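Report on one structure; see the data block that follows.
Computed from a predicted structure; not experimentally measured. When reading the values below, keep in mind they use all heavy atoms of this one structure, side chains included, and skip hydrogens, waters and symmetry mates.
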Amino acid sequence: MNALTLPARSPDEKLQSIIKIAILAVGGQGGGVLTGWIESLARAQGYAAQATSVAGVAQRTGATIYYIEMAPMGDSMPVFSLAPTSGDVDIMIAAELMEAGRAILRGFVTPDRTTLIASTHRALAVSEKMVPGDGIANPDEVFEAARLASDQLIMFDLDRMAAENGSVISSSLFGALAGSGALPFPRAAFEDAIRASGKGVEASLRAFDAAFARAQSGSDAPETAAPPSSRPAAPRGPKAQLQAWQRLEEEAQRLSAMAVLGLQKTVAFQDVDYGREYLDRLRQFHDLCPEDAALQEAAAKYVANAMCYDDIIRVADLKTRRARFERITQEMKSGQSPLHLTEFFHPRGEEIISLLPAGLGRWIEARPRLAAWIDRRLNRGRRVRTHRLSGFVLLYALGGLRRLRRKSLRHAQEQAHLDAWQAACLDLAQRDARAATELLACRRLVKGYSDTHARGLSKFARVMTAAKLVDGRADAADWIARLREAALRDEEGSELEGAIKTIQSFTS
């Protein structure tokens with residue numbers, strides 16, 4: 001059978017005239033507002049436009065995808081698609097850096113046609129936060145992919161620019177879109193769309209103007225924010241306490257810069273006397289290996305973290321600090337002070353028991369039936385509204401219990417655990433300082449409170465036990481690091497179990 005040759009067909013001009021825009025945004029970033037502005041803009045300029053959206057669940061299952069198609073009005077209404085298609089998007093707008101990466105992976109960004117507009121700021125996904133260690137994705141890889149995949153790239157910190165102008169990111173994204181020249185509309189038409197919305201107009205126009213100018217500059221290099229200063233505000237308090245603090249700070253400065261930071265953390269956690277205990281612990285490492293800078297830095301960092309454990313007292317203290325209310329009010333851009341805040345708690349019985357004096361707490365723990373009875377009555381979710389006096393006073397009083405923290409069961413447990421870990425690290429440092437440095441870093445496994453703390457302690461105990469199997473080997477430090485990283489990568493613990501079995505295979 002002879003193959004039929006189909007006649008060549010010219011492209012459909014109606015399809016070629018359709019402009020296709022996709023937007024990826026998570027909750028609170030104004031994706032719906034931005035979509036409304038674009039749709040209003042198109043119609044005001046004599047275009048037919050259609051907007052659709054497919055909702056995600058914030059960053060759990062992905063951002064909401066907003067999709068807009070527009071075309072010049074003709075004799076008949078064009079037929080628009082309901083969702084974007086890979087390789088068929090003219091303008092891709094991502095309200096967060098990793099959303100730009102997801103758009104590239106899904107094929108929405110192509111080098112022959114797509115203008116990519118993305119903010120370089122990060123709003124960490126749940127999957128990044130769930131990793132026991134550092135689960136933050138590499139932003140440099142996304143930026144390089146964006147440069148290769150897009151026809152035109154506009155990428156800078158649009159969220160910070162909006163905040164500096166008292167607005168939200170939708171305004172700066174709209175300004176960047178106007179500045180890109182990807183839409184055939186004048187700047188005034190974009191501004192009219194903002195004015196027509198009638199809400200937050202002046203702030204939105206300021207953010208629009210700043211982003212428009214930045215996009216017009218043509219630079220796509222990501223901005224590097226200046227690191228925040230690690231120096232806290234000048235301490236305040238009784239003269240005797242301030243003098244004691246100054247003496248401790250001078251001692252810490254003689255040890256290392258990291259020791260100063262650790263001292264600040266421990267004093268803020270408890271008091272000046274606790275800071276003295278911290279320096280006493282550090283001095284043991286310094287006296288043992290005074291020339292080993294890596295060991296000293298690891299000790300300064302991880303001993304401070306171990307001493308500043310998370311308990312109900314600390315959580316309550318952090319949630320009732322003035323700086324927190326001021327930060328939330330500023331971020332939410334609300335004139336109310338304070339905002340209506342609801343704190344969610346789910347304390348277990350054992351956490352409440354841990355607040356009791358050590359002797360009483362141990363007496364209860366030795367009676368499982370009594371401990372279970374307490375747990376049944378306390379182990380439930382609670383909502384504390386800290387914008388109300390009753391809720392705030394409750395948490396403030398809990399935070400004030402830090403004066404009694406040293407007598408609590410939890411503090412006794414933490415001190416015993418800290419003493420055992422520090423003794424093991426000091427003992428190992430006498431034979432292998434590099435391995436001791438890695439063992440100090442294993443404290444990263446212990447964090448949080450409640451179930452998170454229990455899981456971390458379990459992994460920490462397994463790593464510490466396995467570390468004894470490689471004691472004396474030339475590669476002991478490498479194996480301890482592998483154990484720790486395996487525990488940090490895998491929440492379930494299967495990767496750690498595999499590493500332990502590997503060690504057991506050549507040490508048994």
Side-chain angles (χ1 to χ4, degrees), residues 18-56 63-73 78 80-84 89-96 99-100 103 108 114-119 121 152 154-216 333:
I18 297 176
I19 299 174
K20 302 169 183 179
I21 306 173
I23 303 170
L24 291 179
V26 299
Q29 293 179 325
V33 172
L34 177 59
T35 300
W37 282 342
I38 296 173
E39 191 176 10
S40 174
L41 164 69
R43 289 175 178 166
Q45 294 298 301
Y47 276 59
Q50 173 183 280
T52 61
S53 64
V54 178
T64 297
I65 301 177
Y66 302 89
Y67 184 58
I68 308 160
E69 288 196 357
M70 63 179 73
M73 285 293 292
F80 293 130
S81 298
L82 297 176
V89 175
D90 297 298
I91 303 169
M92 182 71 234
I93 301 175
E96 193 267 349
E99 296 303 342
F108 293 152
T114 306
T115 294
L116 174 59
I117 300 169
S119 178
H121 82 284
Q152 179 186 6
I154 296 174
M155 183 179 281
F156 54 94
D157 194 340
L158 288 149
D159 185 67
R160 186 178 68 182
M161 181 171 286
E164 289 172 349
N165 289 278
S167 186
V168 293
I169 194 172
S170 54
S171 305
S172 52
L173 287 170
F174 199 46
L177 174 61
S180 71
L183 290 179
F185 308 134
R187 171 176 176 166
F190 286 84
E191 294 173 337
D192 289 342
I194 294 177
R195 292 190 182 95
S197 66
K199 296 180 180 180
V201 173
E202 293 305 317
S204 296
L205 287 175
R206 287 196 302 270
F208 173 92
D209 180 67
F212 181 93
R214 179 69 171 78
Q216 288 269 294
K333 302 174 182 64

Going by heavy atoms in the side chains, are [X] and [Y] under 4.5 Å from each other?
{"X": "E191", "Y": "L205", "value": "yes"}
{"X": "I65", "Y": "P84", "value": "yes"}
{"X": "L41", "Y": "W37", "value": "no"}
{"X": "I38", "Y": "I23", "value": "yes"}
{"X": "T64", "Y": "V54", "value": "no"}
{"X": "I21", "Y": "L183", "value": "yes"}

Within the side chain of [X], is there an N or O that forms a donor-acceptor pair under 3.5 Å with the backbone of [Y]?
{"X": "T35", "Y": "G31", "answer": "yes"}
{"X": "R43", "Y": "A49", "answer": "yes"}
{"X": "S171", "Y": "S167", "answer": "no"}
{"X": "E69", "Y": "K20", "answer": "no"}
{"X": "S119", "Y": "L158", "answer": "yes"}
{"X": "T52", "Y": "L82", "answer": "yes"}

- Is the ring centre of F185 less than 6.0 Å from the ring centre of Y47? yes
Apply side chain to side chain contact (heavy atoms under 4.5 Å, CB included) to Y66 and L34, showing your working.
CA-CA 9 Å; Y66 302 89; L34 177 59; over 6 Å; no
Which atom names give the shortest non-hydrogen contact between [X] and [Y], and what distance separates them?
{"X": "P186", "Y": "Q45", "answer": "CD-OE1, 3.9 Å"}
{"X": "Q216", "Y": "G179", "answer": "NE2-O, 2.8 Å"}
{"X": "Q50", "Y": "S81", "answer": "NE2-O, 2.9 Å"}
{"X": "N165", "Y": "M161", "answer": "ND2-O, 2.8 Å"}
{"X": "A95", "Y": "I169", "answer": "O-CD1, 3.4 Å"}

Between H121 and R160, does the side chain to side chain contact (heavy atoms under 4.5 Å, CB included) criterion hold? Intermediate values first, please.
CA-CA 8 Å; H121 82 284; R160 186 178 68 182; over 6 Å; no
>> Walk me through whether E202 and R206 qualify under salt bridge (charged side-chain N to carboxylate O under 4.0 Å, His left out).
In response: CA-CA 6 Å; E202 293 305 317; R206 287 196 302 270; 5.4 Å; no
Does the side chain to side chain contact (heavy atoms under 4.5 Å, CB included) test come out yes or no for I91 and T114, once each step is laid out?
CA-CA 5 Å; I91 303 169; T114 306; over 6 Å; no
| In terms of ring plane angle, is the pair F208 and F174 parallel, tilted or perpendicular, where the classes change at 30° and 60°? |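 Rings of F208 and F174: tilted, 30 to 60°.
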>> I'd like to know whether I117 forms a side chain to side chain contact (heavy atoms under 4.5 Å, CB included) with L177, so could you lay out the CA-CA distance, the side-chain angles of the two residues, the decisive distance to 0.1 Å, and finally the verdict.
In response: CA-CA 7 Å; I117 300 169; L177 174 61; 4.0 Å; yes
State whether R187 and D209 are salt-bridged, where the test is any N-O pair (Lys NZ or Arg NE/NH1/NH2 against Asp/Glu carboxylate O) under 4.0 Å.
-> yes
OG (S180) and CD1 (I154) are apart, to the nearest 0.5 Å, by 4.5 Å
